[in-house]
Amino acid sequence: MNTKLAQSTIVFLLLTIVVNAQTPIVITGTKFTYPLISKWIAEYTKENPQVQILLVNKNNEAQKVDISVIANQPTKDEVSNNQQVFSVNKYALIPVASNSNTYLKHLRGHKLDKKEIDKLYFDESIFEEKSEKTKSPVNVYARESKASSSIAFADYFGREPSEIRGKKIAGDDIYLLSSVKKDSIGITFNNLSYLYDISTRKLKDGINILPLDITKETASYLNNVDDAIYILEKVKVETIPVEKINFVLDKVVENTEVLKFISWVINNGQQFNHQFGFLDLDKTIQKSESSKLSESILTAAK
């Protein structure tokens, strides 16, 4: 009986170890990051086949989330005192309209500076021209106020996301482009991974970047995604917001594989950013985040 009991105990312990080893890492959050995160997961699990990582929709409440992805500076509502944040890469938001937008023709070569872009997207439909008040010449399309892109765009101009005027589009940032194409005076803003065809590397058909107050050389870099990434990583373009993408997780991490995956993303996963229209972390930020992770890994291992 003792032998059978011992054998049963060993089998139980082995099964417990296997189940624990197969407990998946669950990631959810800002949807436009999913193609890149899927690539990170695929490459990481090639090197670490024992690790299972699931990328799920936000509305999937059946699973405990290990990593939440937000593409903006974390707000008080998004991060609690029991959580920690790691920046993993960056992205850019470019103001755009459709090719047929009549406002673009109205500008007649005029380039919009940061203040004028602020007025276009945030002022309450009243413009002043030659001492006369007129209605705004454009319709603005944006995501709802809680969306990362709206938070990041508004924050760059010193505004609240609720101040972005116009029509709010639910679902995903990709729908902003289809909405603008249907409106002859519609404008929006979007990230590089949606504005450019990732296969051809060119700006998607039917979309035009608003005439920004930048040099001709800088403007020429925006014709394809690779050049756009190059210039946006190299210099600060005042009329184009650039923001970090962050992983949010608990300070107390039971599964150290979560931290190891994030460390891999920061140190090895950067090589896949450009392919999907994202920018690399600055070297100083990369070093800082990597150092923070090393401390967290040591703490979790104790």
Side-chain angles (χ1 to χ4, degrees), residues 19-75 77-80 82-91 143 146-152 171-174 191-194 198 243-281 285-286 289-290 292-297 299-301:
V19 169
N20 288 337
Q22 292 178 345
T23 301
I25 297 170
V26 178
I27 303 174
T28 192
T30 304
K31 196 169 182 179
F32 73 78
T33 66
Y34 280 21
L36 174 59
I37 293 176
S38 295
K39 179 65 174 178
W40 282 341
I41 292 170
E43 296 298 326
Y44 183 78
T45 51
K46 281 181 186 177
E47 299 175 21
N48 303 275
Q50 79 284 1
V51 180
Q52 184 184 12
I53 306 176
L54 302 178
L55 184 58
V56 302
N57 292 327
K58 276 187 177 182
N59 57 5
N60 189 334
E61 298 179 355
Q63 295 167 302
K64 178 184 177 297
V65 174
D66 296 290
I67 300 172
S68 295
V69 186
I70 56 174
N72 55 269
Q73 287 299 309
T75 65
D77 295 334
E78 292 173 312
V79 179
S80 70
N82 297 322
Q83 292 178 307
Q84 55 187 327
V85 180
F86 295 99
S87 299
V88 293
N89 65 354
K90 298 189 297 182
Y91 75 107
R143 290 291 312 287
K146 291 184 178 180
S148 281
S149 58
S150 293
I151 296 171
D172 185 16
D173 291 32
I174 195 70
N191 67 84
L192 304 186
S193 68
Y194 280 173
I198 298 304
E243 184 58 273
K244 299 184 192 74
I245 292 172
N246 301 290
F247 281 180
V248 180
L249 58 153
D250 292 340
K251 286 183 178 178
V252 178
V253 180
E254 296 178 0
N255 185 356
T256 56
E257 288 295 342
V258 173
L259 297 172
K260 291 177 182 177
F261 170 67
I262 299 173
S263 180
W264 180 92
V265 167
I266 291 173
N267 294 292
N268 302 90
Q270 301 296 300
Q271 62 185 299
F272 304 107
N273 287 336
H274 294 181
Q275 179 184 345
F276 291 89
F278 293 84
L279 283 62
D280 292 344
L281 283 175
I285 297 174
Q286 184 182 19
E289 296 302 272
S290 184
K292 281 166 51 182
L293 267 167
S294 296
E295 293 177 11
S296 294
I297 291 171
T299 302

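Atom set for the values below is all heavy atoms of this structure, side chains included, hydrogens, waters and symmetry mates excluded. All values reported here derive from a predicted model rather than from experimental measurement.
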How far does [atom1] of [X] sit from [atom2] of [Y], to the nearest 0.5 angstrom?
X: Q84; Y: I262; atom1: CD; atom2: CD1; result: 7.5 Å
X: Q286; Y: N267; atom1: CD; atom2: CG; result: 5.5 Å
X: I41; Y: L55; atom1: CD1; atom2: CG; result: 5.0 Å
X: D280; Y: Q271; atom1: CG; atom2: CD; result: 10.0 Å
X: K39; Y: F276; atom1: NZ; atom2: CZ; result: 6.0 Å

Task: Set of residues satisfying salt bridge (charged side-chain N to carboxylate O under 4.0 Å, His left out) with respect to E243, sequence neighbours excluded - done: none
[X] and [Y]: which non-hydrogen atoms are nearest, and at how many Å?
X: I285; Y: S87; value: CG2-CB, 4.4 Å
X: G269; Y: W40; value: O-NE1, 2.9 Å
X: F32; Y: S193; value: O-OG, 4.0 Å
X: N72; Y: E78; value: ND2-OE1, 3.0 Å
X: F261; Y: F247; value: CE2-CE1, 4.2 Å
X: N246; Y: P74; value: ND2-CD, 4.0 Å

Determine whether a donor-acceptor pair (N or O, by modelled atom type, separation under 3.5 Å) exists between the side chain of [X] and the backbone of [Y].
X: Y194; Y: D173; value: no
X: T30; Y: V69; value: yes
X: S294; Y: S290; value: yes
X: Y34; Y: G29; value: yes
X: Q52; Y: I25; value: no

I'd like to check [X] versus [Y] (side-chain heavy atoms, cut-off strictly below 4.5 Å). Are they in contact?
X: T75; Y: I70; value: no
X: F86; Y: L249; value: yes
X: S149; Y: N191; value: no

Among [options], find the one that has a side chain to side chain contact (heavy atoms under 4.5 Å, CB included) with [X].
X: I297; options: L259, T256, V253; result: L259
X: V88; options: N273, I245, I67; result: I245
X: I53; options: I27, V258, I37, D66; result: I27

TODO: Output, in order, the C-alpha distance, side-chain angles, deciding distance and verdict of salt bridge (charged side-chain N to carboxylate O under 4.0 Å, His left out) for E289 and K292.
DONE: CA-CA 5 Å; E289 296 302 272; K292 281 166 51 182; 3.2 Å; yes
Task: Derivation and outcome, side chain to side chain contact (heavy atoms under 4.5 Å, CB included), residues L36 and N89 - done: CA-CA 11 Å; L36 174 59; N89 65 354; 3.2 Å; yes
- [ ] Output, in order, the C-alpha distance, side-chain angles, deciding distance and verdict of side chain to side chain donor-acceptor pair (under 3.5 Å) for E47 and N268.
- [x] CA-CA 12 Å; E47 299 175 21; N268 302 90; 6.0 Å; no
Task: Selection residues 24-33 - residue pairs positive for salt bridge (charged side-chain N to carboxylate O under 4.0 Å, His left out), sequence neighbours left out - done: none
- [ ] Decide if atom CD of Q83 counts as having more than 12 heavy atoms of other residues, nucleotides or ligands within a radius under 6.0 Å.
- [x] yes
